[in-house]
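In what follows, every heavy atom counts, from backbone to side chain, and hydrogens, waters and symmetry copies are set aside.
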Amino acid sequence: MSRSPRLTTVEELSSGSSDYAASTWIAWFLSTKGNEYFCELDEDYILDRFNLTGLNAEVQHYMHALDLITDALGTILHTDSDEHLDDDQREQIESQARILYGLIHARYILTSRGLAKMLEKYKRADFGRCPRVLCYQQPLLPVGLSDVAYQSPVKLYCPRCEDVYNPKSSRHGSIDGAFFGTTFPHMLFMVYPHMVPTRTAPPSTTMHPLTKQSPGGVSADELRQRAIALEQANSITTPVRSSEEANTDQATDGPVDTRSHANVEPSSNRTSNNASTLRSFAVPDIERVVPRIFGFPVHETSRLMAWQGRQQQKQALRISQFQQRVREKASLS
């Protein structure tokens, strides 16, 4: 297990050297792998004992752990108590200091300054993105399932689908959920309501700033536009023949029985009637998932999806015609 940096002395604290900021316990804790979810606590907040009310009953070696966080272990009351601590006691104090920092962190991120720091991490997607395709790489927020320590690990909350996920990394999955609390995501969106994502897909031209295209991949909106363009290019349309072409065919092929076409309405009327019927029978705008391999659409699957879309329109037309016949029979009866 990695050890904390050397404890600062009174001379180093009073000298105010530039190396002091990099050797603090908080800086070391935040730079450790697996602690990327945490933000930096203000020293004034930690030193205000009102903010730490009740934590002394939840953390062992509370005073030593607090002194270690504030880099004051061995400097309080002009004593060198750290020199009398063996390695086992140091390990216990370091472990309790991490727990104490996490419990203070859960309270700090509910303040205005803590919410502002976590908002910056949320904008950078430091907590990861939602694995669901139709969430369009929505950034996640850490949340706990319990405010009591040692109950459950941290989860990641997606504000678009409103579901929780396990972190990908095992380092992050071992973080206690009580270090973030059960109300942090909700408080963040209450303070910053403009950050609440919409349920609909972001437009391809004006994409949400949090769902920009990642390098090395193609956004889902662009793939969707490609599928629509491919469908239009490969769509099988039956051209409507003009009257001159019909007369030419009749002269070439011989006489045509006009009785069989006496009750058939012109193709232009059929086209307009079909279009009006399709408009009356509105097909819901179903959002389809466009598969991709390394960011490129699968052309065969795109053609299949285009064919399925055409079949869906034909089925909708059949249903509307059937409903119309049912209504006509009902009116006649």
Assess the side chains of Gln324 and Arg327: does a donor N or O sit below 3.5 Å from an acceptor N or O? no
In the single-linkage hydrophobic clustering (I, L, V, M, F, W, Y; side-chain heavy atoms under 4.5 Å), do Met195 and Leu110 co-cluster? yes
Mind checking ring pair (Phe, Tyr, Trp, His ring centres under 6.0 Å) for Phe179 and listing every partner two or more places apart, or none if nothing turns up? none
Find the distance between CG (Asp126) and SG (Cys39) and round it off to the nearest 0.5 Å. 11.0 Å
Start with the C-alpha gap between Thr198 and Arg160, add the side-chain angles, then the distance that decides, and say whether side-chain contact (heavy atoms from CB on, under 4.5 Å) holds. CA-CA 7 Å; Thr198 58; Arg160 187 182 293 273; 4.2 Å; yes
Any heavy-atom pair between the side chains of Pro159 and Pro185 that's under 4.5 Å? no
Salt bridge (charged side-chain N to carboxylate O under 4.0 Å, His left out) partners for Lys155, two or more places apart: none
Under the ring pair (Phe, Tyr, Trp, His ring centres under 6.0 Å) rule, collect the residues that match up with Tyr45, sequence neighbours excluded. Tyr108
Met118 vs Phe38 side-chain heavy atoms within contact, under 4.5 Å: no
Hey, is the main chain of Gly114 close enough, under 3.5 Å, to the side chain of Thr111 for a donor-acceptor pair? yes
What distance separates His61 NE2 from Arg90 CZ, expressed to the nearest 0.5 Å? 13.5 Å
Run the side-chain contact (heavy atoms from CB on, under 4.5 Å) check on Leu115 and Ile109 step by step: do they pass? CA-CA 5 Å; Leu115 288 172; Ile109 59 178; 5.5 Å; no
With hydrophobic residues grouped by side-chain heavy-atom distances under 4.5 Å, do Phe184 and Leu145 end up in a single group? no
Pairing donors with acceptors under 3.5 angstrom, does anything connect the side chains of Thr182 and Asp147? yes
Single-linkage hydrophobic cluster Val133~Tyr165, side-chain heavy atoms < 4.5 angstrom: no
Atom of Pro142, atom of Val154 and distance for their closest heavy-atom approach: CB-CG2, 3.9 Å
Reported CD-to-CD1 distance for the pair Gln96 and Ile93, which is rounded to 0.5 angstrom: 9.5 Å
What heavy-atom pair brings Phe180 and Ala106 nearest, and what distance separates the two atoms? N-CB, 4.1 Å
Parallel, tilted or perpendicular, judged at 30° and 60°: which one describes the rings of Tyr192 and His194? perpendicular
Taking the basic N atoms (NZ, or NE/NH1/NH2) and the acidic carboxylate oxygens, is any pair closer than 4.0 Å for Asp42 and Lys117? yes
Point-to-point distance, once rounded to the nearest 0.5 Å, from OG of Ser320 to CZ of Arg325: 9.5 Å
Would you check if His64 and Asp67 make a side-chain contact, meaning some heavy-atom pair closer than 4.5 Å? no
Determine whether Tyr122 and Val191 fall in the same hydrophobic cluster, where Ile, Leu, Val, Met, Phe, Trp and Tyr are linked whenever their side-chain heavy atoms lie under 4.5 Å apart. yes
Quick check: closest heavy atoms across Arg132 and Cys161, and the distance to 0.1 Å? NH1-CB, 3.5 Å
Has the side chain of Asp163 got a donor or acceptor atom that lies under 3.5 Å from a matching backbone atom of Cys158? no
Ile69 to Ala97 - nearest heavy-atom pair and separation: CD1-O, 3.4 Å
Mind running side-chain contact (heavy atoms from CB on, under 4.5 Å) on Ile319 and Gln323 for me, showing each step along the way? CA-CA 6 Å; Ile319 294 174; Gln323 291 177 348; 3.7 Å; yes
Going hydrophobic residue to hydrophobic residue with side-chain gaps under 4.5 angstrom, can you get from Leu140 over to Met190? no
Closest non-hydrogen atom pair, Ser146 against Ser152: N-OG, 4.0 Å
Kindly indicate, with the supporting measurements, whether the criterion side-chain contact (heavy atoms from CB on, under 4.5 Å) is fulfilled by Gln312 and Gln315. CA-CA 5 Å; Gln312 184 183 18; Gln315 186 68 17; 5.7 Å; no
Under 3.5 Å donor-acceptor pairs involving side-chain atoms of residues 169-177, not counting sequence neighbours:
| residue | atom | partner | partner atom | Å |
| --- | --- | --- | --- | --- |
| Ser169 | OG | Arg171 | N | 3.2 |
| His172 | ND1 | Tyr37 | OH | 3.4 |
| His172 | NE2 | Glu36 | OE1 | 2.8 |
| Ser174 | OG | Arg171 | O | 2.8 |
| Asp176 | OD1 | Ala178 | N | 3.0 |
| Asp176 | OD2 | Tyr150 | N | 2.6 |

For residues Leu68 and Leu100, determine if any side-chain heavy atom of one lies less than 4.5 Å from a side-chain heavy atom of the other. no
Any non-hydrogen side-chain atom of Leu66 less than 4.5 Å from a side-chain atom of Ile46? yes
How many angstroms lie between CZ in Phe189 and CG in Leu119, if you round to the nearest 0.5 Å? 9.0 Å
Does any N or O in the side chain of Ser95 come within less than 3.5 Å of the main-chain N or O of Glu91, such that one atom is a donor and the other an acceptor? no
Only counting residues at least two apart or in another chain, list the ones meeting side chain to side chain donor-acceptor pair (under 3.5 Å) with Gln60. none
Flag the pair Leu30 / Tyr101 as yes when at least one side-chain heavy-atom distance between them is below 4.5 Å, and no otherwise. yes
Compare all side-chain heavy atoms of Ile104 with those of Leu41 and state whether any distance is below 4.5 angstrom. yes
Judged by atom type as modelled, is there a donor-acceptor pair below 3.5 Å linking the side chain of Asn56 to the main-chain atoms of Tyr62? no
Roughly how far, to the nearest 0.5 Å, is the CG atom of Leu156 from the CZ atom of Phe127? 9.0 Å
Scanning both residues in full, the closest heavy-atom pair of Ile99 with Val59 reads CG2-CG2, 4.4 Å
Test item: Glu43 and Leu47 side chains (from C-beta on) under 4.5 Å apart, heavy atoms: yes
Ala125: side chain to side chain contact (heavy atoms under 4.5 Å, CB included) partners, not counting sequence neighbours: Arg129, Pro139
